[in-house]
Amino acid sequence: MQEKYHPQEVEQLAQQSWQEKTVFKASEQADKPKFYCLSMFPYPSGKLHMGHVRNYTIGDVLSRYRRMNGYNVLQPMGWDAFGLPAENAAIQRGVPPAQWTHDNIAYMRGQLQSLGFGIDWSREVATCHPDYYRWNQWLFLRMLEQGIAYQKTQVVNWDPVDQTVLANEQVIDGRGWRTGAVIEKREIPGYYLAITRYADELLADLEKLPGWPERVRTMQANWIGKSHGVDIIFPPDADSGMPQALKVFTTRADTLMGTTYVAVAAEHPVALHAARTNQPLAAFIETCKQGATIEAELATQEKAGMATGLFVTHPLTSERLPVWVANYVLMSYGEGAVMAVPAHDERDFDFASRYGLPIKAVIKPRQGSLDLPLGQAFTDDGITIDSGRFSGLESMVAIDAVAVALAEKGLGEKRVRYRLRDWGISRQRYWGCPIPLIYCDQCGTVPVPDDQLPVVLPEDLVPDGSGNPLTKTAAFYACNCPRCGSPARRETDTMDTFVDSSWYFIRYACPDQHDAMVDQRANYWLPVDQYIGGIEHAILHLLYSRFWSKVMRDSGLVTFDEPFSNLLTQGMVLNEIFSRKSESGRIEYYAPAEVDVIQNEDGKAYVLRADAEPVEFGGVGTMSKSKNNGVDPQGIVDQYGADTARLFMMFASPPTQTLEWSDAGVEGAFRFLKRLWRQVYLHVQSGGVALDDALRQQHVFSGELKLLRCQLHQTIVKVTDDLERRHTFNTAIATVMELLNGLAKLPGNDLPSRQLAQETLEAIVLLLSPIVPHICHTLWRELRPGTELLDQPWPQADEQALVQDEITLVVQVNGKLRGRIQIARDAEPAAIEHAAMTDEHVHKIIAGQTIKKIVVVPGKLVNIVI
RNA sequence: GCCGGGAUGGCGGAAUUGGUAGACGCACGGGACUCAAAAUCCCGCGAUGGUGACAUCAUGGGGGUUCGAUUCCCCCUCCCGGCACCA
């Protein structure tokens with residue numbers, strides 16, 4: 001055995017050994033329980049960043065742990081290979097997105113392999129391969145047949161200069177990121193998937209997911225946003241020229257009598273109708289069309305509106321109510337119109353205050369009364385007031401009473417609505433999966449027949465920033481109608497990349513199946529036993545995947561209801577963000593490693609090292625390609641090895657916690673591995689002890705040895721719990737560090753000591769092996785020549801070693817720590833109290849005081865209250 | 001704005017079910033080894049007061065429940081994630 005730890009050598013040998021034995025190639029086996037451990041596949045952005053290392057190390061630790069516990073483990077990997085960054089790279093470098101993507105995949109695959117993850121590479125999937133995306137197309141056509149896929153208009157960001165649709169990310173402060181032009185909202189046709197058909201099941205089945213974090217289930221439930229309310233019809237006031245009734249949805253029908261106006265979205269037909277004869281209103285609606293489509297922006301923009309001059313009548317009182325256009329009303333929720341009750345809704349209150357609209361209070365708190373006039377909206381429920389025959393009712397009762405009254409007049413009914421909207425999947429972009437449709441002048445929209453799938457995306461186009469190059473490529477779009485044979489045009493929109501990522505984990509079960517989307521192997525491996533990925537995917541990706549799986553189930557392709565049984569949401573790895581606005585108005589991002597901090601008269605400032613010019617500090621945020629703040633792990637791997645990189649990442653914090661990047665501590669992780677190596681080296685040099693189970697039981701250790709052996713077996717219990725239940729790898733590592741520290745202090749070199757050292761080192765190597773597999777692979781061969789670590793089971797604690805005769809109890813006086821007592825494990829409460837009171841230090845404090853109460857917590861503490 | 005989460009020494013974090021606040025590690029200081037440096041090993045390390053034993057304070061801020069609160073409840077501040085075309 002070498003005296004020094006050389007990670008590169010150790011890692012190369014270990015990886016070679018695993019590869020030769022194809023130990024991570026998974027197959028369906030009936031004799032073992034299966035464990036499908038899935039990490040979210042990466043976007044091939046160029047190189048790995050620390051978030052990837054964190055994600056995939058967690059997955060590998062759990063995979064290797066399960067493997068040692070006798071599971072048939074599948075850990076696959078693939079590439080979320082379609083998307084916007086490839087097009088941006090293409091624009092910048094003039095290289096086709098396909099080439100850039102394939103190069104990145106090759107490089108990143110090498111990086112993943114060098115980190116020693118136990119991945120079954122034979123199942124690798126890339127979503128940009130026709131073998132994969134043909135099944136997106138195939139299932140889309142099935143959804144079209146079932147009416148789950150359908151066409152309607154969608155609102156997009158339109159850059160009037162580049163004449164192109166922009167992603168939300170490409171709109172900065174309401175302007176196009178390349179042109180600086182003010183962005184307009186534009187309505188164009190697109191395809192939708194009716195996820196709302198599954199809203200109830202998606203909500204209800206969250207109950208079937210106890211292995212998901214509570215917060216993710218809460219977020220999904222809130223996103224689906226099931227609410228019980230009342231649809232209310234406000235009949236038109238014909239005299240004002242109002243062309244139609246307005247339907248609104250409200251969860252607060254108890255406030256109906258406080259309605260003082262009705263507000264509609266700028267895109268609402270009534271708004272457009274009024275604008276035809278109202279020039280200022282038309283202009284206002286035009287300004288509403290500017291700015292981004294992002295909900296966050298709509299919700300924070302200053303409230304603005306304009307009266308249409310039209311009126312509706314109150315459905316119960318027949319009072320005339322003005323109809324306003326308001327920018328805070330969303331066309332995408334409900335009917336695009338709301339009844340405004342300024343007294344009891346914050347947004348309505350702000351709006352009414354700004355435009356001098358009446359505020360009428362109709363709810364008071366159950367205790368006390370309202371201070372009128374209201375300084376702010378009273379949004380709680382309570383008791384109705386000033387509401388005619390509905391006055392004096394509990395909110396809940398009032399809602400029912402109002403609903404009944406409306407129903408009698410045919411002007412309303414109870415209704416359940418969802419916040420969830422159908423999933424728009426059309427993208428006016430090149431680097432994505434083509435939507436398999438053909439437009440024919442004679443036959444209309446014609447699905448591409450199954451035997452003509454896949455519609456293959458040409459891989460040699462280079463986008464130039466002015467829209468989707470497919471629309472300019474006749475070789476792609478020109479075709480003949482499959483029905484009538486006349487010349488026709490192919491759909492040039494591609495699918496949202498969330499489609500690609502909604503079922504890749506099912507394809508891993510059978511990536512070599514060329515005749516079907518999936519086969520029976522999917523029902524062997526799925527559902528995923530452990531899914532690991534960033535918390536940023538808590539809603540969209542996970543909800544779309546759940547929906548897509550249910551559609552596949554209902555199409556008879558798979559048998560499971562939910563795709564992911566257990567979910568571990570990794571915290572984000574954050575890093576500083578630095579940027580600078582170029583002369584053209586484009587924002588350039590700079591890597592934090594290229595930025596220096598300087599002190600000037602205003603305090604801290606940041607400059608780019610290359611040109612010493614200032615850059616703007618944009619706070620901290622997720623490591624990403626677009627913010628150019630990712631940290632490549634390669635530097636650490638090259639200098640210290642993969643095991644140090646893995647150990648450091650796992651030791652830095654619990655996996656679910658957000659982590660601000662710092663490499664302080666990498667050195668410490670490396671130092672620990674060197675100490676471990678040295679301890680094994682010294683032990684083996686002094687003559688290792690072959691330890692069989694019989695020998696292990698023979699020695700009755702005493703004194704220090706007994707304590708250390710107790711610590712050893714406590715460590716096994718704790719590490720097992722930390723890995724399996726708690727997923728707190730940082731505390732598992734800390735506990736093993738303590739054990740190694742304890743072992744290092746063991747002075748003797750007699751046989752019992754050497755035996756205990758052997759037992760301890762073997763256990764440490766096994767316990768750490770999921771986290772730092774390479775060094776453990778080598779150390780195991782030294783400790784147990786002729787055997788392989790990967791054949792070893794997970795260590796089991798010896799119950800007898802855990803038993804201690806005496807325990808330490810803490811003694812508090814009035815909740816403050818005042819002493820400690822050593823006492824027999826099974827001492828009676830009276831004996832414990834006596835020992836506590838007679839403790840020298842405690843006695844001094846309680847002498848002469850009246851004792852009010854003594855609290856004894858068995859095994860933990862005694863609290864004397866004086 | 002709405003939904004979800006977070007805040008503990010100089011730093012990352014620990015305290016698992018309301019029971020010893022600061023495990024483990026980093027940084028730092030001191031010492032040993034060395035011609036010297038690196039590496040390694042040993043010791044110290046929340047703040048204040050005290051020679052010391054020890055005492056008091058301290059888990060983002062304010063209040064509450066409890067024998068006892070980092071942990072539970074209420075209010076507030078700041079930070080992070082998501083908000084449907086970044087992935």
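First the proteins, then the strands, lettered A, B, ... as listed; each starts at 1.
Aromatic ring centroids of Tyr133(A) and Phe82(A) lie under 6.0 Å apart.
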- How does RNA chain B read in dot-bracket, base by base from 5' to 3', with Watson-Crick or G-U pairs under 3.5 Å and | used when the partner is on another strand? (((((((..(((......[....))).(((((.......))))).((((....))))..(((((..]....))))))))))))....
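Looking at heavy atoms from C-beta onward, Ile172(A) lies in side-chain contact with Ile587(A) at the 4.5 angstrom threshold.
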- Treat primed atoms plus P, OP1 and OP2 as sugar-phosphate and everything else as base, then score nucleotides 75-87 of chain B 5' to 3': B for base contact with protein heavy atoms under 4.0 Å, S for sugar-phosphate contact only, - for none. -----SSSBBBSB
- Task: Take nucleotides 47-61 of chain B nucleotide by nucleotide from the 5' end and write B, S or -, depending on whether a protein heavy atom sits under 4.0 Å from the base, only from the sugar-phosphate, or from neither.
- Result: --------SSS----
Show the distances under 3.5 angstrom between N or O atoms of the protein and N or O atoms of nucleotides 64-69 of chain B.
residue, atom, partner, partner atom, Å
rC67(B), O2, Asn863(A), ND2, 2.4

Give me, pair by pair, the N or O atoms of the protein and of nucleotides 23-26 of chain B that are less than 3.5 Å apart, along with how far apart they are.
residue, atom, partner, partner atom, Å
rA23(B), O2', Glu738(A), OE1, 3.3
rA23(B), O2', Glu738(A), OE2, 3.1
rG25(B), OP1, Asn741(A), ND2, 3.2
rC26(B), OP1, Arg671(A), NE, 3.1
rC26(B), OP1, Arg671(A), NH2, 2.6

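For the 3.5 Å distance criterion, the side chains of Asp722(A) and Thr731(A) qualify, holding a donor opposite an acceptor.
For Asn814(A), there are no side chain to side chain donor-acceptor pair (under 3.5 Å) partners two or more places apart in sequence or in a different chain. Legend: residues meeting ring pair (Phe, Tyr, Trp, His ring centres under 6.0 Å) with Phe498(A), ordered by chain and number and at least two apart, are Tyr544(A). With sequence neighbours excluded, no residue forms a ring pair (Phe, Tyr, Trp, His ring centres under 6.0 Å) with Phe672(A). Scanning for side chain to side chain contact (heavy atoms under 4.5 Å, CB included) contacts around Asp422(A) gives Tyr150(A), Tyr192(A), Ala194(A), Ile195(A), Thr196(A), with sequence neighbours left out. Residues satisfying the salt bridge (Lys or Arg N to Asp or Glu O under 4.0 Å) test with Arg186(A), not counting sequence neighbours, are none.
One interatomic measurement links the two molecules: CG of Leu567(A) to P of rG4(B), which rounds to 17 Å at whole-angstrom precision. We find that CG of Leu659(A) is positioned 14 Å from P of rA7(B), with the value rounded to whole Å. Between Phe672(A) atom CZ and rC41(B) atom P the separation is 12 Å, expressed in whole Å. Between Ile864(A) atom CD1 and rU20(B) atom C1' there is a gap of 15 Å when expressed in whole angstrom units. Rounding to whole angstrom units, CG of residue Asp721(A) and C1' of rA14(B) are separated by 15 Å. Atom P of nucleotide rC41(B) and atom NZ of Lys745(A) are separated by 12 Å, given to the nearest angstrom. Taking atom OH on Tyr333(A) and atom C1' on rC3(B), their separation rounds to 14 Å, with Å as the unit.
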Using distance only, find each side-chain donor-acceptor pair of residues 617-625 of chain A under 3.5 Å and give its atom names and separation, not counting sequence neighbours.
residue, atom, partner, partner atom, Å
Ser624(A), OG, Ser626(A), OG, 3.3
Ser624(A), OG, Lys627(A), N, 3.2
Lys625(A), NZ, Ser45(A), O, 3.1

Report all side-chain donor-acceptor pairs from residues 651-663 of chain A shorter than 3.5 Å, counting only partners two or more places apart or in another chain.
residue, atom, partner, partner atom, Å
Ser653(A), OG, Arg54(A), NH2, 2.8
Ser662(A), OG, Ala664(A), N, 3.1

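Using C1' as the reference atom, rA84(B) and rA15(B) are 40 Å apart when rounded to the nearest Å. When the P atom is compared between rC26(B) and rA39(B), the two are found 12 Å apart, to the nearest whole Å. Distance check on atom P: rG5(B) versus rU59(B) gives 23 Å, rounded to whole Å. Nucleotides rG44(B) and rA23(B), compared at atom P, are 12 Å apart to the nearest Å.
At a threshold of 4.0 angstrom between heavy atoms, the contacts of Lys674(A) are confined to the sugar-phosphate backbone, with no base atom among them. No engagement by Ser662(A) is indicated, since no non-hydrogen atom pair under 4.0 Å with the nucleic acid exists.
Ring planes of Tyr198(A) and Phe547(A): perpendicular class, angle over 60° (limits at 30 and 60°).
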- Item | side-chain contact (heavy atoms from CB on, under 4.5 Å) assessment of Met108(A) paired with His52(A) | CA-CA 10 Å; Met108(A) 290 170 76; His52(A) 294 125; 4.3 Å; yes
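For Lys718(A) against rU16(B), a side-chain N or O and a base N or O form a donor-acceptor pair under 3.5 Å.
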